[in-house]
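Quick notes on the structure that follows.
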Amino acid sequence: MIEVRNASKSYGETLVVDDVSITLPAGGVISLIGANGAGKSTLLSMISRLLPVPAGTVTVEGMDVTTTPGDVLARHLSILRQDNQMTARLTVRDLIAFGRYPHSKGRLTVEDQGHIERVIRYLELEAVAHRFLDELSGGQRQRAFIAMVLCQDTDYVLLDEPLNNLDVKHAVAMMKLFRRTADEFRKTIILVLHDINFASCYSDRIVAMRNGRIAHQGPPEDIITPCVIRDVYGVEANIHEIDGKRVALYFR
Amino acid sequence: MRGLVLAAAGVIALAAASLFVGVSDVTIGTILSGSSDEATQVLLVSRIPRTFALVLAGAGMAVSGLILQMLARNKFVEPSTAGTAESAVFGMLMVTLLAPETAMLGRMLVAGVCALAGTVLFLGILRRMPLRSPLIVPLVGIMLGAVITASTEFVAYRFDMLQSVRAWETGDFSGVLRGRYELLWIGAALTAVAYAAADRFTVAGLGEDFTTNLGLNHRRVVSLGLIIVSLVTAAVIATCGMIPFLGLIVPNLISLMRGDNMRLSLPWVALFGAGLVLACDIAGRLVIRPYEIPIGTTMGIVGSAIFLYLLLRKNRHAA
Amino acid sequence: MPPDRRSLPPAVLIAGLGGLAAASIVLFLTVGAKGSWSFILTFRGTKVAAMVLVGYAIAMSTVLFQTITNNRILTPSIMGFDALYRLIQTVLVFQLGSAAVAGFDPRLRFGIEVAAMVAFSWLLYRWLFSGSLRGLHLLMLVGIVFGVLFRSLSGFLQRVIDPNEFLVVQDRLFASFNRVDAQLLAVSALVVLAVSVVVWRKAGVLDVLALGRDAAINLGVDHRREVMQMLVTVSILVAVSTALVGPVTFFGLLVANLAYLLVDTHRHRLILPVAALVAILVLMSGQLVLERLLGFNGALSIVIEFLGGIVFLIILVRRAAR
């Protein structure tokens, strides 16, 4: 369980996260949605101790993220931000192997090798495993980064816009993989998503943010409604139910 | 306008002070009473030329910085961050080695041509970098300057000229005497030309498309600006050596107060440049009397401190 | 793990570089030697030892610095580290008087200078790297301008100290390869050895730091503490190399990038030795060619500035164009 209590954060004059309190239960896929600048990424970064928490507290499984040693937390929670630039020239396999660092501190065990191979297979990266990251397409690189955090094998996986740079085929495959990881391995996957229909079709729970606050939260059927979407994004949407999943049409 | 008059009065006061600060005892009393021929000599041969040189070099370098900033469309460019000054030093070395008999004016012209070539090279490199952040521009200029300086020093090292090169690299007005600073008047004339063409530079600062749209020939404006900057820099280096960061900090400070319309800001830049150089030089003469601290050093401290302030100040609209 | 496609196997590479470096040392010791061997070997041996030590220190400090700043174009000297060290040396003379400083045991003086250097650079660069400066170009520019400021301040203080007196001390303070203090050399060697042991044991952490701040924190590394530790290490190494020969702005950049070209790996256990060997090789062979063949004694630093400056420009322009 992740608990956020009265967390706030401002950049200069602007309050980006405004006194947020929320409890995210363990297990399942949770999507964070909201307009640009609503504070989704900042909240995610605070939960994952990439940004300091100037006011309020964040605990993961009872561990306060600001006081718990980084290496302990790294075995319970992993985070991938958007725009991952890397100066080191790494092969895909080397990058993924770093996911095992919190467990083996750089000395790979047989078990670690197993994890690495499994993740490479899951993300269909076998063909490019020996290639350098800077030689890959944006989509391949994105999958390699996701592979690294999955290889970390933590109970909580936080991903900021993981579908960036992915085509429709790979985006669907990625969401299915998250679903499977949550169901089969009992992990908690927390995603910042822009595509509300992906959020609707794959999440157990959706959290909608607006102006630095939690505006709505609940299962997809409570969130994917014309009224909530108007409130969060300021657009009119038609909601259709297809194969038991809600789909919002907002293109006109 | 009242502000300008006040600023001019300030510069004149500093200039007057500069006349009476130094090792030899020169006071208004000794001059007027005519009791000391020596004092009058010092005043005529050393103090007055030195003061003129300070005013002209300060105004010229500050205005050069302003023009370069308009042409490169970047706030952090000036002759010592665009390869201009370093190329001028290279030119001085070459002409001293190959044609040591050349008169001062000839030397300055050769240095000016080299400075022009160096600056054109700098702008050419910038042109080949499509996505440029404002801060990478001075970085490229400083590094280009370092490469040119290394070449200069290698040649100088081979021909045992390192001493002269160091003199051109560090500004110092203590050697300025009558008959050895008059080149700077050429710089003053060029500064006046710059004022006449100020509107063109302002337009050029808005970009090539904008300039063409207004019916001006962008190439020609740029060429004029580069020639002015190169010759002024060469004149200053030939007379007293490089004054680092002056052309950067003065226009930026004025731009904060007065904006970027060059017709309005240029007189301010010229006055402020002259005043700052006068103040630094007087301070350098006072701190360790009877010795002097060269202006290259004092301006290095003052200039880099203000440059840092400009870089680190909270809301950077300059960048 | 499968070997890289492009580069030589690491063992071969290191052996090859090591061989070349050793050969250049032997050549340097023997080429053009006339007269008493024992004299020549002692004289040149000190010089060689200093060059090896300096090359090693600069290579290591640059690679470490580039790893913690996550950038392959910054070097300690570009960020003004060695200018800071010079300033500290000058301030020391200024405060205590040249006679007192000259009277110190060079090892004691060196110790005080290194301590001051570590303290000041830690404060300054903690502030610079604490994230208050957004953007690499700003950071670089601030570093360069700080360098100018430190150099001008040193110049200022050197003038303020009685100029005549200062000239006397200057010789003692600012060494070159041709006049190395043997005692200082021994102390420096010990310091560098100790630092190397620490760095070697931290190699795994360094590999993670090279992934960048976010990734390092995600993998459970105490990013702030490790970076500060490495910054202290870098300060010590810069103090050693500057104390022995003075500033060489672009040498580290040249060597580190050559090493990255040669090994194409992220593993510091490989990069660090390769960079050190490349540094030694470049210094020895460069000095050999310039001094023994062309007769340009003392021009090596100028040539390095020239080449390094061009490399820097190329990297800068290519990165911006990408």
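Labels below follow one simple rule: chain letters A, B, ... track the order of the sequence lines, proteins then strands, and each chain is numbered from 1.
- For C/Leu149, the parts lying near chain B are the backbone and the side chain together; criterion is any non-hydrogen pair under 4.5 Å.
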Intermediate values then yes/no, side-chain contact (heavy atoms from CB on, under 4.5 Å), C/Leu141 and B/Phe307: CA-CA 10 Å; C/Leu141 206 52; B/Phe307 193 177; 4.3 Å; yes
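- Going from atom CZ of C/Phe156 over to atom CD1 of B/Ile301 covers 5.5 Å, rounded to the nearest 0.5 Å.
- For the set C/Leu307, C/Leu153, C/Ile304, C/Val303, the count of heavy-atom pairs under 4.5 angstrom toward chain B peaks at C/Leu153.
- Contact annotation for C/Phe306: both backbone and side-chain heavy atoms come within less than 4.5 Å of a heavy atom of chain B.
- Counting heavy-atom pairs closer than 4.5 Å to chain C, the top residue among B/Val147, B/Ile142, B/Ile125, B/Ile148 is B/Val147.
- Looking at C/Phe250, the atoms closer than 4.5 Å to chain B (heavy atoms on both sides) all sit in the side chain, from C-beta outward.
- Contact of the B/Met143 side chain with the C/Ile144 side chain is registered, since non-hydrogen atoms from C-beta on lie closer than 4.5 Å.
- Contact tally against chain C (heavy-atom pairs below 4.5 Å) for B/Thr170, B/Thr81, B/Val287, B/Ile293: the top residue is B/Ile293.
- Around atom CZ of B/Phe272, no more than 12 heavy atoms belonging to other residues, nucleotides or ligands sit under 6.0 Å away.
- The shortest non-hydrogen separation linking C/Val145 to B/Leu311 is CG2-CD1, 4.3 Å.
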